[in-house]
Amino acid sequence: MSDLAKEKAARLLKKRGSLSSLGSHEVRAKEAFAKTKDSISTVSYMEEPGHHDDIPRPAVQMENTYQLSPTQRFPVLTVKDILKDVLTSYLQEEKYEPELCRQMTKTISEVIKARVKDLMIPRYKIIVIISIGQIRDQNMRMGSRCLWDETHDNFSSHTFKNSSLFATATVYGVYFE
Amino acid sequence: MDDDQSAEETAFVVDEVSSIVKESLEAVIGRNPYEQKRVNQWVSSVVEQCLGQLSKLSKPFKYIVTCIIMQKNGAGLQSASSCFWDNTTDGSCTVRWENKHLYCIVSVFGLAI
């Protein structure tokens, strides 16, 4: 019985096409100088590449809903409360350690995504970005700009700080037309 | 034939996007050292340039571009993202770029309309 249920759940997931794609990046503290090149760049993809090639799925044809705008908007303040809650509960007493924080970023982003999904806002795609950094007298700037529909799409973000680390969480909600 | 063409045009092409990002980073920051007064303007220019180039591609996508610029001071930074979307049509691309004095991480998320 449980196998059948599992199969059904797997099929449903495939149909809906939602996959948790985790991209995590780390900037390691470099003591040595970059001798040869003046600038280095690396490109990263999502953590599960080649997924498209494995399962050749036919393009899903959506029926017309004749719905122009969302019934329910992206709840900015509710999401901000979620972010505040999750960040303080996970990071209140933590110190910055590379391994721990690497795991922490992945865990926190999954947790936030799950909680925002629980709000069940229909037809909204969710993107969660977490950055945890060490405080060491350095200066840093984060910025973002989006090309989307002003009336339907929105974002919410929160920053948490303690004595040894800081964390920034941003959630973007984009309406799927 | 038509289906293949439309599939190519409406997919998120990582290589194209990453080259756009690298070009705008080189153009805006290049070899400059980290200057607190100018970094605000750099972030805005990098992001605006990327967005401008991306919109010129004329693909049916909504874009989110984020940029983090950090001074090289021995501190560490971890970053992760988690997305709830349609894996067949949407994609993301992250470019880590550095020069002698600063680190820069630019992420582009493309969501199909």
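Lettering of chains follows the sequences in order, A, B, ..., and the numbering in each one begins at 1.
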Pairs of heavy atoms under 4.5 Å with chain A: top-ranked of B:I69, B:V108, B:L111, B:L102: B:I69

Pairs of heavy atoms under 4.5 Å with chain A: top-ranked of B:V106, B:L51, B:L25: B:L51

Minimum-distance pair of heavy atoms, taken over all atoms of B:V43 and A:G143: CG1-CA, 3.6 Å

A:F166, part contacting chain B, at a heavy-atom distance under 4.5 Å: side chain

Transitive ILVMFWY side-chain link B:I113 to A:Y124, under 4.5 Å: no

More than 12 heavy atoms of other groups within 6.0 Å of B:Q36 CD: no

Part of B:F109 within contact of chain A (heavy atom distance under 4.5 Å): side chain

Any donor-acceptor pair under 3.5 Å from B:Q71 side chain to A:N139 backbone: yes

Intermediate values then yes/no, side-chain contact (heavy atoms from CB on, under 4.5 Å), A:Y172 and B:T66: CA-CA 11 Å; A:Y172 297 92; B:T66 67; 3.3 Å; yes

Euclidean distance, A:Q138 CD relative to B:Y34 OH, rounded to 0.5 Å: 8.5 Å

Verdict with reasoning, B:L54 to A:L147, per side-chain contact (heavy atoms from CB on, under 4.5 Å): CA-CA 9 Å; B:L54 287 168; A:L147 180 66; 5.9 Å; no

Heavy-atom pair of closest approach, residues B:S82 and A:K113: OG-CD, 3.1 Å

Step-by-step side-chain contact (heavy atoms from CB on, under 4.5 Å) determination, A:R145 to B:S44: CA-CA 8 Å; A:R145 201 152 299 196; B:S44 310; 4.0 Å; yes

Closest heavy-atom pair and its distance - A:K106, B:A80: N-CB, 4.0 Å

Same apolar cluster (I L V M F W Y, side chains within < 4.5 Å links), A:L100/A:I112: yes

Flag side-chain contact, heavy atom, 4.5 Å: B:I68 against A:M140: yes

Atom pair CD/CG of A:Q134 and B:N73 - distance to nearest 0.5 Å: 10.0 Å

Among the listed options B:I29, B:V39, B:N40, the residue most often paired with chain A at heavy-atom distances under 4.5 Å: B:N40

Contact origin within A:D137 toward chain B - heavy atom pairs under 4.5 Å: both

Straight-line distance of B:S81 OG to A:I129 CD1, nearest 0.5 Å: 6.0 Å

Rounded distance [0.5 Å steps], CE in A:M142 versus CE in B:M70: 9.0 Å

Shortest non-hydrogen contact between B:Q78 and A:P98, atoms and distance: NE2-O, 3.4 Å

Nearest non-hydrogen partners of A:S144 and B:V47, listed with the distance: C-CG1, 4.2 Å

Taking every non-hydrogen atom, the tightest pair across B:K62 and A:V174: CD-CG1, 3.4 Å

